[in-house]
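Read the numbers this way: they start at 1 and go in the same order the structure lists the ligands and their atoms. The chain is numbered in sequence order, starting from 1.
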Amino acid sequence: MTDNLSDQQLEQRETEFQQRIDAEEKIEPKDWMPEKYRQNLIRQMSQHAHSEVIGMQPEGNWITRAPTLHRKAILLAKVQDEGGHGLYLYSAAETLGISREELIASLHSGSAKYASIFNYPTLSWADIGAIGWLVDGAAICNQVSLQRTSYGPYSRGMVRICKEESFHQRQGYHIMMTLARGSAEQKEMAQDALNRFWWPSLMMFGPHDADSVHSAQSMKWKIKRQSNDELRQKFVDQSVKQAEVIELELPDPDLKWNEERGHYDFGEIDWEEFKRSMTGGGPCSRQRLAHNIQAHDDGAWVREAMRAYESKKREAKDQAVA
Ligand code: BYC
């Protein structure tokens with residue numbers, strides 16, 4: 001798109017593009033955009049899509065063992081929703097001129113990331129509660145902010161996804177509330193799940209702002225509307241109150257209300273663990289990717305059948321025209 005532009009023309013286009021962003025205009029697929037804007041969006045949106053799809057696995061693990069038919073029906077619907085979110089996001093990323101095959105290939109080769117939280121195992125039913133409450137809760141903080149992202153298809157996708165995520169968050173919190181108000185063993189199970197999922201949930205917001213590679217440019221282009229640390233703080237503040245209501249304890253001895261800041265102070269994340277989990281060294285990293293590759297391979301016949309059907313339809317149409 002920028003091939004035939006002189007340096008001066010390119011500079012002019014970039015200035016006009018930034019003016020549109022500053023004026024809160026949405027950028028649409030056929031609009032001119034800097035190549036780096038396009039690439040950065042493909043990176044973030046595809047990683048977001050991969051997270052939704054890989055994120056089906058930890059919860060999918062409990063569908064056959066949900067404690068009641070009612071909980072099973074809810075969990076089935078939730079996991080299916082996550083798959084749907086992945087599909088909206090892949091489609092939105094495709095509007096940037098990249099194919100679904102290329103996006104999936106990047107996930108399978110390990111060159112594209114997905115949220116590190118999904119590399120942790122789900123050891124008990126309470127983990128399903130913790131994921132809904134904390135993981136979907138953290139995702140909502142982030143995605144509510146992304147509803148105002150500058151790229152139209154991403155922004156519209158987020159509006160729809162947020163509606164579904166808020167139901168996911170409530171069902172998870174309800175599981176935790178039920179367990180916390182149950183027997184001593186059930187309460188212990190809920191506390192144990194909270195202990196294991198709290199810190200990985202805080203990692204979902206990414207590195208500190210000062211260490212974030214993409215934030216400065218993404219904020220300037222309004223791809224991101226709030227910084228990693230700002231959103232993490234919002235999540236901590238809301239979670240403290242929610243934990244109090246169900247009488248569970250957030251596993252952080254440094255958690256303390258700071259009157260001056262008007263926010264809770266909290267302890268430092270184990271960034272080594274974050275990096276390990278993000279780069280394939282999490283407890284379930286290999287399993288998650290291997291399962292996704294297997295599912296993709298198992299679905300090859302469906303893709304083949306769809307291609308054959310499309311080509312037959314085209315042939316029939318061509319014959320009708322001739
Ligand atoms: N995990 O410069 P930074 C869900 C990477 S799923 C792994 O701050 P950015 C759900 C980052 O990609 C919803 N990697 O990056 C589904 C970058 O690496 P690359 C998930 C992470 O993009 C099922 C590097 O670290 N939500 O709701 O400015 C069941 C430097 O970071 C992580 C989204 O995906 C991480 N946690 O900011 C239940 C939200 N954090 O690309 C629930 C969309 C950072 O240079 N994404 N990295 O190789 C975003 O908002 C932003 O991409 C992030 C990171 C805030 C995550």
Protein heavy-atom partner closest to atom 40 (N) of ligand 1 - residue, atom, separation in Å: Gly206 CA, 3.2 Å
Chi angles and distances behind the ring pair (Phe, Tyr, Trp, His ring centres under 6.0 Å) call for Tyr114, His48: CA-CA 7 Å; Tyr114 58 85; His48 196 159; over 10 Å; no
Atoms of ligand 1 close to Met204 [distance to a heavy atom under 4.0 angstrom, numbered from 1]: 36 (N), 56 (C)
Protein contact of atom 43 (C) of ligand 1 - nearest heavy atom, named by residue and atom, plus distance: His48 ND1, 3.4 Å
Residue that, paired with Tyr173, satisfies side-chain contact (heavy atoms from CB on, under 4.5 Å) out of Thr178, Val245, Asp136: Val245
Protein contact to atom 39 (C) of ligand 1 [nearest heavy atom, distance to 0.1 Å]: Asn142 OD1, 3.4 Å
For ligand 1, the portion of Phe205 having any non-hydrogen atom under 4.0 Å away: backbone
Contact atoms of ligand 1, heavy-atom distance to Gly55 under 4.0 Å: 23 (C), 29 (C)
The single option from Phe205, Phe266, Tyr264 passing ring pair (Phe, Tyr, Trp, His ring centres under 6.0 Å) against Phe235: Phe205
Atom 42 (C) of ligand 1 [closest protein heavy-atom partner, distance rounded to 0.1 Å]: Asp136 OD1, 3.5 Å
Non-neighbouring partners of Phe197 that pass ring-ring contact (aromatic ring centres under 6.0 Å, His included), sequence neighbours left out: none
Nearest-0.5 Å distance that lies between atom OG in Ser91 and atom CE in Met45: 9.5 Å
Contact atoms of ligand 1, heavy-atom distance to Ser212 under 4.0 Å: 2 (O), 3 (P), 8 (O)
Proximal atoms of ligand 1 relative to Met203 (non-hydrogen, under 4.0 Å): 36 (N)
Chi angles and distances behind the side-chain contact (heavy atoms from CB on, under 4.5 Å) call for Arg43, Arg38: CA-CA 9 Å; Arg43 179 194 64 80; Arg38 194 177 76 85; over 6 Å; no
Derivation and outcome, ring pair (Phe, Tyr, Trp, His ring centres under 6.0 Å), residues His263 and Trp257: CA-CA 6 Å; His263 292 291; Trp257 176 252; 7.2 Å; no
Same cluster (ILVMFWY, side-chain, under 4.5 Å), Leu250 and Ile131: yes
Closest protein heavy atom (residue, atom, distance) for atom 10 (C) of ligand 1: Phe118 CZ, 3.5 Å
For atom 9 (P) of ligand 1, the option (of Gln44, Lys224, Gln47) bearing the nearest heavy atom: Lys224
Atom 32 (C) of ligand 1 touched by protein (heavy atom, under 4.0 Å): yes
Residue, atom name and distance, where the atom is the protein heavy atom closest to atom 21 (C) of ligand 1: Met278 SD, 3.5 Å
Atom indices of ligand 1, in the order listed, that fall short of 4.0 Å to a heavy atom of Lys113: 5 (C), 14 (N), 18 (O), 19 (P), 48 (O)
Gly282 to Ser285 - nearest heavy-atom pair and separation: N-OG, 2.7 Å
Contact atoms of ligand 1, heavy-atom distance to Ala139 under 4.0 Å: 27 (O)
Option nearest atom 38 (C) of ligand 1 (shortest heavy-atom distance, choices Glu82, Glu164, Gln217): Glu82
Pairwise distance OG(Ser124) to CD(Gln186) - rounded to 0.5 angstrom: 11.0 Å
Top protein contact for atom 22 (O) of ligand 1, by heavy-atom distance: Arg43 NH2, 2.9 Å
Any protein heavy atom < 4.0 Å from atom 53 (C) of ligand 1: no
His168 heavy atom under 4.0 Å from ligand 1: no
Those atoms of ligand 1 less than 4.0 Å from some heavy atom in Gln143: 13 (C)
Nearest non-hydrogen protein atom, atom 1 (N) of ligand 1: Ser116 N, 2.9 Å
Spacing of CG belonging to Asn142 relative to NZ belonging to Lys224, to within rounding of 0.5 Å: 8.0 Å
Which atom of Met176 lies closest to which atom of Ala190, heavy atoms considered: CE-O, 3.4 Å
Flag, side chain of Ser212 to backbone of His208, donor-acceptor distance under 3.5 Å: no
For Pro207, atoms of ligand 1 separated by under 4.0 Å from a heavy atom: 8 (O), 31 (O), 44 (C)
